[in-house]
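Step one of this worksheet: look at the structure below.
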Amino acid sequence: MTDVYTLGEPLGVVSSGRVRHETEARLDVCGPEFTLAIGLARLGHRCAYLGKVGDDELGARALTVLRGEGVDVEDVRVAGGVRTGMVLRESRVAREPRVTHYRTGSAGSLLAPGNVPIDRIAAAKMLHVSGVTAGLGRDALDAVLAAVSAAKNAEVMISFSVEYVPELWPSVREAEEVLSELACDSHLLFLRQDELDLVKPALTPEREVVVDRGAKGASVRADRMRYDVQGWQVPVVDPAGSGEAFAAGYISAALDGLIPQERLHRGALLSAAAVTSVSDWQGLPTRDEL
């Protein structure tokens, strides 16, 4: 049985300083669900990933990484004639990195409901989806909704990370509608402090809600109780990927049957590992390293 089934868009990521002046850059592959799948696989969980990549070198690299990390890529499709999407991250002193998306018409955005394996999702312990994939376009959103519907029908636990990226949505109002619907369908909800207003209808006492409070740490409301964990004091190399790493740690601990405080602790450990690495996922620990 698969522990966690997830779907998303594998991306190339180019990281650099200010591009107009910089002469060097770093190439990697990433994606919220991509990072989460690797984080879980390194901790010994069986994770399956659904997505589309282009018939290009970035797509080949993404597949090579997932296979090498032990993620099940049986459902990943290679789309001919389209490119794998990419993002450009420019680091800036004392400011948030500037991220530019090159994803319009990408292979990942062409993920469609027909690509969703209903039986595979029904056989998993958990389905994890994110607002990033839901924001890629109508086809990708319908694929996410089809996966959620399959999980609901099979009584599979649903985990949802809000991951609001303004550049992917036509308006805040449309984002609120979609993200709230997905949040209300979830059993386990991950979001940042500044995303609380986007999914107000889902913030009910019955739902397990995990809130990333940045430097202040994180909190969870589970079984009508609140638990908190302090953020780790570590040197930050790159904050990208910390949220997905946290979710991977938290879900891993939940699958292991640990209590909410222990789930937060493992989530914080993986988040700290992510921010101390130049890559979203390369610094994530194995179970022996926990």
Side-chain angles (χ1 to χ4, degrees), residues 6-42 47-73 75-92 96-112 115 129-137 139-140 143-144 161 163 165-169 237-245 248 274-275 277-284:
T6 189
L7 60 155
E9 179 181 25
L11 293 162
V13 55
V14 176
S15 303
S16 182
R18 197 175 187 189
V19 169
R20 70 176 65 182
H21 301 305
E22 192 57 75
T23 58
E24 296 182 351
R26 183 179 184 277
L27 175 65
D28 200 354
V29 281
C30 71
E33 299 88 350
F34 187 96
T35 297
L36 179 126
I38 291 174
L40 287 168
R42 285 193 177 180
C47 195
Y49 184 94
L50 165 65
K52 282 187 176 181
V53 296
D55 185 15
D56 53 22
E57 289 301 304
L58 281 178
R61 179 164 176 166
L63 274 172
T64 298
V65 169
L66 290 171
R67 287 195 186 100
E69 293 293 336
V71 177
D72 180 349
V73 294
D75 298 324
V76 175
R77 297 291 178 262
V78 178
V82 290
R83 65 184 184 279
T84 303
M86 190 177 72
V87 294
L88 173 65
R89 292 179 185 155
E90 296 178 81
S91 60
R92 299 180 294 174
E96 289 293 317
R98 175 183 288 146
V99 181
T100 306
H101 297 260
Y102 299 90
R103 306 169 84 156
T104 303
S106 67
S109 68
L110 301 179
L111 189 66
N115 302 127
V129 295
S130 86
V132 172
T133 303
L136 293 178
D139 284 347
V144 171
S161 291
E163 292 285 351
V165 179
E167 293 83 357
L168 298 181
W169 297 93
V237 176
D238 189 336
S242 62
E244 298 88 344
V275 302
S277 170
V278 294
S279 168
D280 291 16
W281 55 270
Q282 289 182 24
L284 297 181

> Please, which pairs that meet salt bridge (Lys or Arg N to Asp or Glu O under 4.0 Å) have at least one residue in residues 75-90, sequence neighbours excluded?
Replying inline: D75-R120, R89-D280

Give the table of side-chain donor-acceptor pairs shorter than 3.5 Å for residues 237-244, with sequence neighbours excluded, one pair per line with atom names and distance.
unit_1, atom_1, unit_2, atom_2, d
D238, OD1, A240, N, 3.0
S242, OG, P239, O, 3.1

> For S91, which residues count as a side-chain contact (heavy atoms from CB on, under 4.5 Å) partner, sequence neighbours excluded?
Replying inline: none

> Under 4.5 Å between any side-chain heavy atoms of L66 and I38, yes or no?
Replying inline: yes

>> Does atom CD (Q282) have a neighbourhood of more than 12 heavy atoms from anything else shown, all under 6.0 Å?
In response: yes

> If only atom types and distance count, is the side chain of T84 paired as donor or acceptor with the main-chain N or O of G59 below 3.5 Å?
Replying inline: yes

> Checking side-chain contact (heavy atoms from CB on, under 4.5 Å) for the pair D139/L111: CA distance, chi angles, key distance, verdict?
Replying inline: CA-CA 6 Å; D139 284 347; L111 189 66; over 6 Å; no

> Going through the checks in order, is the side-chain contact (heavy atoms from CB on, under 4.5 Å) test met by V13 and L27?
Replying inline: CA-CA 6 Å; V13 55; L27 175 65; over 6 Å; no

> A274 and A245: which non-hydrogen atoms are nearest, and at how many Å?
Replying inline: CB-CB, 3.7 Å

>> Checking S106 against E9 for the side chain to side chain donor-acceptor pair (under 3.5 Å) test, could you report, in this order, the C-alpha distance in whole Å, the side-chain angles of both residues, the deciding distance, and whether it holds?
In response: CA-CA 9 Å; S106 67; E9 179 181 25; 2.5 Å; yes

> So, does W169 use its side chain to make a donor-acceptor pair with the main chain of L136 at under 3.5 Å?
Replying inline: no

> Listed by chain and number, what are the side-chain contact (heavy atoms from CB on, under 4.5 Å) partners of A60, not counting sequence neighbours?
Replying inline: none

> Under a 4.5 Å cut-off applied to non-hydrogen side-chain atoms, are L11 and L58 in contact?
Replying inline: no

> Less than 4.5 Å apart, any side-chain heavy atom of F34 and any of T6?
Replying inline: no

> Any idea which heavy atoms bring V14 and A25 closest together, and the distance?
Replying inline: CG1-CB, 3.8 Å

>> By the salt bridge (Lys or Arg N to Asp or Glu O under 4.0 Å) test, which pairs, at least two apart or in different chains, include something from residues 23-35?
In response: R26-D28

>> Pair R42, E69 - check side-chain contact (heavy atoms from CB on, under 4.5 Å), show working.
In response: CA-CA 7 Å; R42 285 193 177 180; E69 293 293 336; 2.9 Å; yes

>> Would you say that L284 contacts T35 through its side chain, given a criterion of any heavy-atom pair below 4.5 Å between the two side chains?
In response: yes

> What is the minimum heavy-atom distance between S109 and G105, and which atoms define it?
Replying inline: OG-C, 3.7 Å

> When rounded to the nearest 0.5 angstrom, what distance separates CZ in R61 from CG in D56?
Replying inline: 12.5 Å

> With sequence neighbours left out, what residues match V165 under side-chain contact (heavy atoms from CB on, under 4.5 Å)?
Replying inline: H101, V132, E167, L168

>> Run W281 and L36 through side-chain contact (heavy atoms from CB on, under 4.5 Å) and show every step you take.
In response: CA-CA 8 Å; W281 55 270; L36 179 126; over 6 Å; no

N/O donor to acceptor pairs below 3.5 angstrom from side-chain atoms of residues 47-55, sequence neighbours left out:
unit_1, atom_1, unit_2, atom_2, d
Y49, OH, G8, O, 3.3
K52, NZ, L110, O, 3.3
K52, NZ, N115, OD1, 3.4

